[in-house]
Amino acid sequence: MTTGDSIAEVVANDLCIGCGLCEAATGGRVRMQPTTTGSLRPRPLDGFTADEERALLRACPGVVASPRPDPDQDHDPYPDRDPAATSATAADPVWGAHRWMGLAWAADPDVRFRAATGGVLTALASQALAGGRVGAVLHVGPDPDRPLRNRWVLSTTVDDVVANSGSRYAPTAPLAGLAAALDRSEPFAVVAKPCDLGAIDRWAAVDPRIDQWCPIRLTMVCGGQSRATKTLGLLDRLDVAADEVASIDYRGNGNPGPTRVVTTGGRHHEVTYLEMWEDESTWAVETRCKFCPDALGEAADVAAADAWPGGAPTGEDEGFNAIVIRTRAGWELVDEAVAAGRLVLGEPIDPRRFDELQPHQVRKKEALAARYRGLADAGVAPIAADGLRLDELGRRLTDDQAIGQRRGAADRIRAIRAAADDDRCRPGP
Ligand SMILES: Cc1cc2nc3c(=O)[nH]c(=O)nc-3n(C[C@H](O)[C@H](O)[C@H](O)COP(=O)(O)OP(=O)(O)OC[C@H]3O[C@@H](n4cnc5c(N)ncnc54)[C@H](O)[C@@H]3O)c2cc1C
Ligand code: SF4
Ligand code: SF4
């Protein structure tokens with residue numbers, strides 16, 4: 001069984017998501033580099049010391065994922081209010097531990113319009129900064145020097161947080177900025193994908209500064225990260241050369257808003273969200289996403305999602321997030337953001353209605369136990385996912401469904417391993 005033995009194995013099995021922790025953990029000796037297959041991967045793969053590699057394998061999302069326990073699970077921060085709304089931490093087989101689930105959006109109409117969905121993540125990160133809880137926000141945004149790429153950013157003003165709002169449906173390595181954030185020796189918030197936050201949580205066992213300086217962790221419910229080939233396919237479709245691109249907004253400026261490409265010559269091209277995503281065969285999603293046990297953000301204080309019945313938009317709206325508040329820290333931040341006039345809370349949503357907003361997430365979570373058996377069949381160790389209830393959910397599949405998922409996963413990973421390993425590490429554009 002492989003994976004878990006070395007970072008090179010994780011990369012060869014294509015279970016690296018390109019989170020960037022490898023870069024932060026080595027002081028930049030190993031760097032996140034684009035590959036010909038459109039991903040970000042650490043390089044050189046023999047650049048780790050034995051201690052660094054051992055530590056990374058305890059946190060790497062290609063090896064392990066787990067929910068972050070809420071240290072204040074039984075503590076009621078609001079004894080005067082409806083206990084059902086704030087204090088009890090409920091557990092759900094699909095959604096995990098949560099204190100409240102419901103609709104929310106940014107109160108500022110400009111933020112709400114500009115952001116990916118309703119601007120909740122931007123409003124909460126802004127509140128963490130403006131309210132003095134943190135001095136910086138580690139997140140990602142477009143790279144102004146290389147418009148086809150993204151880069152990590154440490155925002156220290158609300159304007160910077162807003163400027164880096166929106167979803168980037170292309171490779172990002174937010175944790176490449178983790179060392180810089182920790183070296184500031186002051187509290188910072190992080191906004192990143194669920195897998196990135198899982199790695200941060202696990203890294204706390206290696207670097208105690210995580211628990212000291214990273215009190216606020218916000219995430220999106222995540223259907224998968226596309227490789228750069230997805231964006232290149234869009235450019236082909238629009239007949240725009242890569243070196244002509246001045247900027248790409250994947251969504252926002254409405255909900256969901258268009259995917260918009262602006263060229264250096266000032267031409268604007270747009271496709272709708274549905275035109276961008278209607279054909280799943282073009283998504284070019286990373287392999288780790290097919291095996292993702294934590295896409296619902298169980299290592300976060302608050303997770304924010306879209307709120308479209310059936311999981312897809314039927315048109316534009318003003319922007320509504322469906323959110324999951326998981327921890328006391330999350331509750332306090334939400335409460336402050338509401339009081340400060342940055343956030344509006346709408347109606348609560350119970351877990352089964354949340355399922356209806358995210359049916360693809362429920363299906364994937366139910367399929368994972370069978371997919372992990374397929375990984376094992378192909379000689380690859382599944383991602384360790386203690387506490388994420390995969391076996392319990394896997395029992396919902398019929399035997400035929402489980403066999404199909406297991407075979408499909410084994411075939412996929414065998415094909416990956418049979419392909420030239422070098423392809424996944426070769427430098428890309
Ligand atoms: C790759 C990806 C897949 C997604 N899939 C789904 C899905 O299947 N179902 C669903 O309901 N929602 C999905 N979302 C979430 C959705 O697009 C919104 O991010 C979410 O609703 C929060 O909206 P918001 O308006 O609060 O975000 P905003 O206020 O716009 O804030 C977004 C924040 O996320 C950060 N960010 C953007 N892109 C990335 C990235 N790739 N990696 C790390 N950080 C990033 C930004 O820096 C910013 O701080 C996905 C998001 C991403 C990035
Ligand atoms: S997922 Fe992150 S920690 Fe794991 S190999 Fe990739 S960059 Fe390194
Ligand atoms: S689906 Fe999972 S592995 Fe893929 S980007 Fe999202 S959180 Fe990370």
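Atoms within a ligand are numbered from 1 in the order they appear, just like the ligands themselves. Owing to the predicted nature of the structure, the values given are computational and were not obtained by experimental measurement.
Using a 4.0 Å heavy-atom cutoff, Arg251 is listed among the residues neighbouring ligand 1. By the 4.0 Å heavy-atom criterion, Lys193 is counted among the residues contacting ligand 3. By the 4.0 Å heavy-atom criterion, Gly166 is counted among the residues contacting ligand 1. Within the structure, the closest approach of Ala199 to ligand 2 does not fall below 4.0 Å when heavy atoms are considered. Within the 4.0 Å heavy-atom shell around ligand 1 one does not find Arg114.
Looking at Asn321 against ligand 1, only its side chain comes within 4.0 Å, counting heavy atoms. Contacts of Gln225 with ligand 3, taken as heavy-atom pairs under 4.0 Å, involve both backbone and side chain. Contacts with ligand 2 closer than 4.0 Å are made by side-chain heavy atoms of Met32 only, the backbone lying farther away.
Considering Asn255, Asp249, Asn253 as possible partners of Arg251, the one that fulfils the side-chain contact (heavy atoms from CB on, under 4.5 Å) test is Asn255. If you run salt bridge (charged side-chain N to carboxylate O under 4.0 Å, His left out) between Asp294 and each of Arg202, Arg68, Arg288, only Arg288 comes through.
For the residue pair Gln225/Thr172, the side-chain donor-acceptor check at 3.5 Å is satisfied. Ser155 and Asp160 share no donor-acceptor pair across their side chains, judged by distance under 3.5 Å alone. Side chain to side chain, Thr231 and Tyr250 meet the donor-acceptor criterion of an N or O pair below 3.5 Å. With 3.5 Å as the limit, one finds no donor-acceptor pair spanning the side chains of Lys193 and Thr219.
Atoms of ligand 3 found under 4.0 Å from any heavy atom of Arg288, numbered from 1 in the order shown, are 2 (Fe), 3 (S). Applying the 4.0 Å criterion to heavy atoms of Cys22 picks out, from ligand 2, the atoms 3 (S), 5 (S), 7 (S), 8 (Fe). Residue contact check: Cys292 has heavy atoms under 4.0 Å from atoms 1 (S), 2 (Fe), 3 (S), 7 (S) of ligand 3. Set against the non-hydrogen atoms of Cys60, the atoms of ligand 2 under 4.0 Å away are 1 (S), 3 (S), 4 (Fe), 5 (S).
For atom 51 (C) of ligand 1, the choice among His139, Arg168, Met220 with the nearest heavy atom turns out to be Met220. When Cys195, Gly141, Gly224 are checked for heavy-atom proximity to atom 3 (C) of ligand 1, Gly224 turns out nearest.
The shortest side-chain heavy-atom distance between Ser66 and Asp386 does not fall under the 4.5 Å cut-off. Counting heavy atoms from C-beta outward, Pro194 and Glu298 have side chains that stay 4.5 Å or more apart.
For atom 8 (Fe) of ligand 3, the closest non-hydrogen atom of the protein is Cys195 SG, 2.3 Å. The protein heavy atom nearest to atom 4 (Fe) of ligand 3 is Cys289 SG, 2.3 Å. Looking from atom 19 (O) of ligand 1 to the surrounding protein, the closest heavy atom is Ser167 OG, 2.9 Å. Distance from atom 2 (Fe) of ligand 2 to its nearest protein heavy atom, with residue and atom name: Cys19 SG, 2.4 Å. Closest to atom 15 (C) of ligand 1 among all protein heavy atoms lies Val221 O, 3.4 Å.
Ligand 1 has no N or O atom lying under 3.5 Å from any N or O atom of Ala192, backbone or side chain. Of the N or O atoms in Cys222, none lie within a sub-3.5 Å distance of an N or O in ligand 1. Polar contact with ligand 1: absent for Ala170 (N/O pair, distance under 3.5 Å). For Ser165, no nitrogen or oxygen atom sits less than 3.5 Å from a nitrogen or oxygen atom of ligand 1, counting backbone and side chain alike. The N/O atoms of Asp196, backbone and side chain alike, include none that comes under 3.5 Å of an N/O atom in ligand 1. Looking at ligand 1, you won't find any N or O of Pro174 less than 3.5 Å from one of its N or O atoms. By the 3.5 Å distance cut-off applied to N or O atoms, Ala115 is not counted among the residues near ligand 1.
Ring pair Phe354/Trp95 is tilted by interplanar angle, where 30° to 60° counts as tilted.
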